[in-house]
Every structure is written in structure tokens, then in C-alpha cells.
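Here is the structure we will look at, set down as C-alpha cells.
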Amino acid sequence: MDNLLNVSSSPHIKTDANTRSIMIDVIISLIPCICFGVYVFGQKALLIIIVSTIAAVLSEFLFDLITRRKNSIFDFSAIVTGILLGLNMPVSVDLFIPILGSIFAIIVAKMLFGGLGQNFMNPALCGRAFLAMSFASYMNNFTYDGITAATPLNTLRQGINIDLIDTCIGFIPGTIGEVSTIAILIGFIYLLIKRIIDYRIPFFSLITFIIFILLFSGNASNINYVVGQVISGGLLFGIVFMATDYVTSPVTNFGKVLYGVFLGVMFGIFRLYGKSTEGVTYSILIGNLLVPFIEKITINRPFGRESA
Amino acid sequence: MLTFRGGVHPRGYKEYTKDRPIREVKPGKILVFPLRQHIGKEAIPIVSVGDEVLVGQVIAKADGDISSNIISSVSGTVSAIEKRKNIFGEEVNSIVIENDTKDTTIPDMKKERDYKKLDADEIIEIVKEAGIVGLGGANFPTHVKLNPKNRREIEYVLINAAECEPYLTSDYRLLLEFPDRILKGIEIMLRVFPKAKGIICIEDNKKDVYDLMQKKLYGNLSVSACLLKTKYPQGGERQLIYAVTKRKISSKKLPAEVGVIVDNVATVVAIADAVIDRIPLFSKIVTVTGDGFNDTGNLKVRLGMSYQELIEEVGGVKEANKKIVIGGPMMGTSVAEIEGAITKGSSAVISFIKDPIEKNKETNCINCGRCIKVCPINLVPTLLYKKSERMDAVGFEKLYGMECIECGCCSYICPARKPLTQYFKIMKTEVRKNQINKETKK
């Protein structure tokens, strides 16, 4: 029987891309944010990212080991979660914060639900939400040049104009990853070119958010305010790297549009009427919960049966 | 450029055989003719053991309308009518003929006939007698396809030369070497469909034969050629119809219902051979390719020859060969052993030294949505897959799973390496089984 040929079901060829190569592309797209964060906030920022990444990978590895699951760290998704969580920290945090956050993100939000692909909420955002609730003082201590300062978002809330150019480049207080609009955009363009993400979720959430701000902020005539709202805070980082997470966003094209619009409205509500700095986090987490429903109502009609 | 939504761009691998002219292969001593080489009922043998047969002689008659004649490809003696293994390992009723190597043909063969004097019904009868079936892969009896209820209202006859499967080059070689034969075949088909225009559909990776055809078609008002984007499954019937005419049909409809007939170029050549030269369908061009054979080629082989002979013709299999696929790599079937005869449905034999999916490690679905993007039918494979995992036939059907054409695009693209198409094939069988059960209960 040795000389029997291999048998498998068709197709007999496959693309080279796999889960790991996708994760590697996501990691590459985060490099500009990492570099800029480290440039602005110093070595401590790098340390935070490394610590949170190691904690995330180690959590997954140990969970697999203890529960006797197949080792899953080589799909690199834990690395992505770790980096994202690290980028979501203010640079002033003590190192136990990212460690706790990573453990929570990986164990509670991801592995307990069955690992990659089975989690219904974005692990990194869950980790951040957990930290924001449990360690609020750490998570809200934004510094710039080592001095605690008001974020552009707070400045805007007080009705004062901000320096748009500094905000755009990223010379502002905030979390490590979110400060530079330019770095985020470079990552975004990379993801689009490599066709890792679809434009729909970022595009529709952003448009909806802008419309919401124009309609309800009462500041529609102040361009500085409107642009400032878009480029400050975690909004862009959220819609590029968090809202587009495959696992926790709808798969259908129209579902992506609906999801984007929903997020845009939620961002607007949190920004204008909420006191919390975690508006983007909570908006996306709430959006995650709606994904199965959105997918259900937006199932494609098959070819040739569109009208029937 | 004309195309459809979805699809994938696998590497072509056509360079192995693209420049190899079609060459004829001498048949061996024993030929085996399965009685079913087509969609529909098994043909009924009309010869018995010991009978002498000639090249081109009908040895089994079509049983009813959806069935097809089986033609002997050699002259010799019927040595057995029994179950024989086909290439897929199934035991099928077959006629076995011992070749006398004299190649004595039936009396009229190759006596040219003036097709311009034939009417539609006569042409259809000739096609039926010649045992012609769709040679693009589906093997649907061509005489049935040529005779829809609305024959006089058909607007387009699409000649499918997309050849979108990687590796295959037999259609390309036909276009390059026998363009006039193809045009004659189309002319004959247009006699059956008086209102129709003929369109030869070619993918843009075969631009040279498109240009050749354009030159040949200069001044021809009833036939044209069109260039399609190179994308798999461009040659799928419904995808092709949409790309060229923008008409959409579901799985439940026949092309004729939207005024379109689609036939493969090889079928068109078979029609021309049968109608003009009285040569029935007993040979076929098969691409033998891949890195696991010592040589490659486009071989014109007699039906009934064994695959083993065909492979020996290209110098045999390399020691290191791991896998052999019958048909294209996207929809073909891999076989454990090379046993069995070449039939009307044989289009290619591909060998692989490295099995591209042997070391396939399945990981969790990450909901990336690539399968949705590439599905030419616009299904949601990722959700269908979740239903399939639970063998939820009702849910599968609700998500339009039965519309799946098993083209393999979703499996090809899946980064989690899920064998999606395989799941869907199983589920489709399951749903059909349930339907039959329900009907028998009633």
C-alpha cells in the first residue's frame, strides 16, 4: 500500500497567505505607531509594548499548556493583541498594568471563549476596558515630556482651539499608539494596499462620526473643532486597528457599512455627551456584541437570485 | 474587460504544455469503454462478446434522451462486457475491446458531407449518433443542449475557450492549431440556432489566439471573439454568461432560458468532425502535465485507452511524484492509483512532486471574509462552514448553500486552510438525501 498516491478533495492548490502571514502584516502596519510612540515618549514606551506583548504570548502559551490545547502562539495573534494593548497605554503606567491587561485580554476575552476566532469581543479592547475600570487613575494619567498635561480632547471640550499640526504629527499627550495621526494613516494605507482590511468600516464610521459632530456639537462652523475631534483621542487608532478586527466585525459588505455607521453614531454620543475618555473602546465593544445580528440581517443574496 | 464578481488568481502553470503541439497517441492492445461517460442514463451495449467492431462504430446505444452513444475507437474484437475499475476506483459496467491494430474504419468515415444542405434536426441527429457530450467537464449530452424548447429564440452561442483552470492547455492548442475547424463548427451550430450570434470567449492570458481569431473573423458578421479577464472560474457556465451578456441565472435555470447556449471549443470541434467528416467522438485531447512526469504534452488520445498508457507516452512518472489529479487542479479529482480508461470527460492529468496541500495545517476561522470576496456565487462560505461543521442541513440550505458550484475558490483563498469546498460537497449530498427521504415518506 506504500505506493498509493496522495488523495484529497479539490481544490489541489492553495494561496500562500495564511493566518500567520496576515498577523505579520498587521504587526508591520503597527510599526509606524510603535516607532513614533517610542520617539515621543521614550524608551519606557517600548518597554511597555514589549512587556504587554510578552505577557500576552506567555498567557496564551500557558493557557494552552494547562488546558492541553494545541499550542496556538505561532499564529501570532497574541503578539498583535499584546502590541495593540501596549499601544493603548499611557506611558506613565507602572509595568504591572500592561501585564494585567494582557492576561485579562488573552485569558478572559479570548482563550476562555475558545481562542482565536471564537472571541466575540476584541481582546485588546477588553483588556483596556478592564484596566480603565479597575485602574482608572493609572489609565487616565496622560503625560507629555514627563509632565501630566491635558489631552487635546480635553482642551477641545473646554472650547479652546488646539494646534492641529502638532496633533496631526503626534506631539501631544495621549496613549502610546494613538497620538500620531500620520503614523496611523501610514499603517492604514499599508493594510489597504495589502488588502488586509476593507475600507468600509473605517470610512463609514468616520463619515458618520463627522456628520454627527457637525449636526449635534453646535460647533460645526469651527473647523479647528471638527478636525480636532477627528484626529485627537483614540478615534483613528480605534477605527483603523480595532474596529477592523476580523473576528469581531461583520463579514458581509453591507454588514460592514451598517457596523461602521453604528460605530460612528456611538463615537459621537460618547464624545459629545459622555464624560469618559474610553468612548471609542466602549463603542467598539458594544458594536462587537451586535455583529452576529448584523451578519444575520445582511446575508448576501446569491448570484442569479437577487430579486427572487 | 469582461468578467464577473469574485474569483481568484491562481498561478497558471500553463508554460509546461503551452508550446507543445497536439500529437496523436497510438492506442494499445486492450481498450475499455465505460457505459456511462456522460450525465444521464447508462448506454445499452449493442455488441456482444466475440463481435468484430470497427473504428467509429456505435457499440452502446443511448438509453432514452439524456444519455449518449458510446463509440469504439479501434477495430478489433469485443472480448468482454463486465465491470471494470474506472480511474476514480469505481467498478463500472464497461465494454472491453481487443485492438487488432488495423484501424479499419466504418465505411463512410472521412467522406466529406456538405453541411450546408443539412437542416437543424438532421444536425442534431448526427450529433446524437456521434455520441458527442460537453467536453468542458460536465459531459452533458450535446444533442439535448442543441435542442431546447426555444431553439429559434436563442440569441447567443458562447464558445467557451476561457480555459480558466491552471495547467490546462488543450483548448488553447485547439484554437491555435485548428481555428478553421472551430469556425466551421460554429457555423454548423448557428444553423441550429438561426437567430443567434456566435461569440468565442477567450481569457486574456491567451491574447495570441484571440488575435488570430480576430484576423480569421474579419468580415464575419455572425461570429465574433471576446477577451475575458484571466480569472478563475471565468469558464464556469454562469460566470461566462454573465461576463459576456450580463445575464444572470441561478442554479435552477438553464442558459437557454435567457437565450444563451454555451459549448466548449472541444465540443465545437467534435461537432464539426461529426457533421462534416462523419467522424464520431472517439478521441480527445488531454493535457498531461506537472512536475511529476518525465515529460509533458497535449496528447490526442483514443477513448478507452488506459491512463497508464497515456502517462507512459510522456516518459512515465518520476519516483518522487506524490500526487496525480485527473482534471484541473481547482475542480479535478486526485486518485490513489492510476488504473482505468480515458473517457469523454478526461481533460487533463496533472502530477505533483510536492503536494501543495499535504502539510496543510488547519487553524481557527478568523472571520477574515476572503471566502466571501472570492465566491463567484456571492455566498457566505464562512457561515456555511459553521453550519456544515454541525451538519446543520436546514441552516445550510437557508444560507443558499445549494447554490454552491464547488469551484474551490473559498478553499483556495482561506488563510485558516479550511477545506470549505469539501464541507459543502458533503452538505449538498446531505441536503439532497434529506429531500429524497422526505419525498419517499410522502
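Each chain gets a letter, A, B and so on, in the order the sequences are listed, and its residues count up from 1.
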Handout entry: Contact check, side chains of A/Ile299 and B/Tyr400, non-hydrogen atoms, under 4.5 Å
Key = yes
Handout entry: Contact residues of residues 109-122 of chain A (partner chain B; heavy-atom separation under 4.5 angstrom)
Key = A/Gly114, A/Gly115, A/Leu116, A/Gly117, A/Gln118
Problem - Ion pair B/Asp355/B/Lys322, N-O distance below 4.0 Å - result: no
Please table the atom pairs, donor to acceptor, closer than 3.5 Å between any side-chain atom in residues 183-199 of chain A and protein atoms at least two apart or in another chain.
unit_1: A/Tyr190; atom_1: OH; unit_2: A/Asp25; atom_2: OD1; d: 2.6
unit_1: A/Asp198; atom_1: OD1; unit_2: A/Arg200; atom_2: NH1; d: 2.8
unit_1: A/Asp198; atom_1: OD2; unit_2: A/Arg200; atom_2: N; d: 2.8
unit_1: A/Asp198; atom_1: OD2; unit_2: A/Arg200; atom_2: NH1; d: 3.1

Problem - Stacked cation flag A/Lys256 on A/Phe204, 6.0 angstrom / 45 deg - result: no
Problem - B/Lys398, NZ atom: more than 12 neighbouring heavy atoms under 6.0 Å - result: no
Practice task
Answer with side chain, backbone, both or neither: which region of A/Ser72 has an atom nearer than 4.5 Å to a non-hydrogen atom of chain B?
Solution key: neither
Problem - Atom group of B/Ile350 that falls short of 4.5 Å from chain A, counting heavy atoms - result: neither
Exercise for the section: Report yes if the distance between the aromatic ring centroids of B/Phe352 and B/Tyr167 is under 6.0 Å, otherwise no. Expected result: yes
Completion exercise
Ranking B/Ile338, B/Val335, B/Val8, B/Thr363 by heavy-atom pairs under 4.5 Å to chain A gives rank one to B/Val335
Practice task
Examine the side chains of A/Asp75 and A/Thr19 and answer whether a donor and an acceptor come within less than 3.5 Å of each other.
Solution key: no
Problem - pair B/Leu399-B/Val380: side-chain heavy atoms closer than 4.5 Å - result: no
Exercise for the section: Measure distances from B/Ser411 to the heavy atoms of chain A and classify the residue's part below 4.5 Å as side chain, backbone, both or neither. Expected result: both
Completion exercise
Highest number of heavy-atom pairs under 4.5 Å with chain A among B/Gly408, B/Pro10, B/Ser250 belongs to B/Ser250
Practice task
Select, from B/Ile357, B/Ile413, B/Ile366, B/Asn364, the one with the greatest count of heavy-atom pairs under 4.5 Å involving chain A.
Solution key: B/Ile366
Handout entry: Atom NZ of B/Lys386: over 12 foreign heavy atoms under 6.0 Å
Key = yes
Problem - chain A interface, residue from B/Cys371, B/Gly369, B/Cys365 that has the most non-hydrogen pairs under 4.5 Å - result: B/Cys365
Practice task
May I ask you to name which of B/Lys425, B/Arg370, B/Met331, B/Lys253 has the most heavy-atom pairs under 4.5 Å with chain A?
Solution key: B/Arg370
Exercise for the section: Determine the option with the most heavy-atom pairs under 4.5 angstrom with chain A, choosing from B/Glu406, B/Arg417, B/Glu337. Expected result: B/Arg417
Practice task
Answer with side chain, backbone, both or neither: which region of B/Pro376 has an atom nearer than 4.5 Å to a non-hydrogen atom of chain A?
Solution key: backbone
Practice task
Answer yes if the side chains of A/Ser8 and B/Lys323 hold a donor-acceptor pair under 3.5 Å, and no otherwise.
Solution key: yes
Problem - Contact origin within B/Gln422 toward chain A - heavy atom pairs under 4.5 Å - result: both
Practice task
Would you please indicate if the ring centroids of B/Tyr242 and A/Phe303 are separated by under 6.0 Å?
Solution key: yes
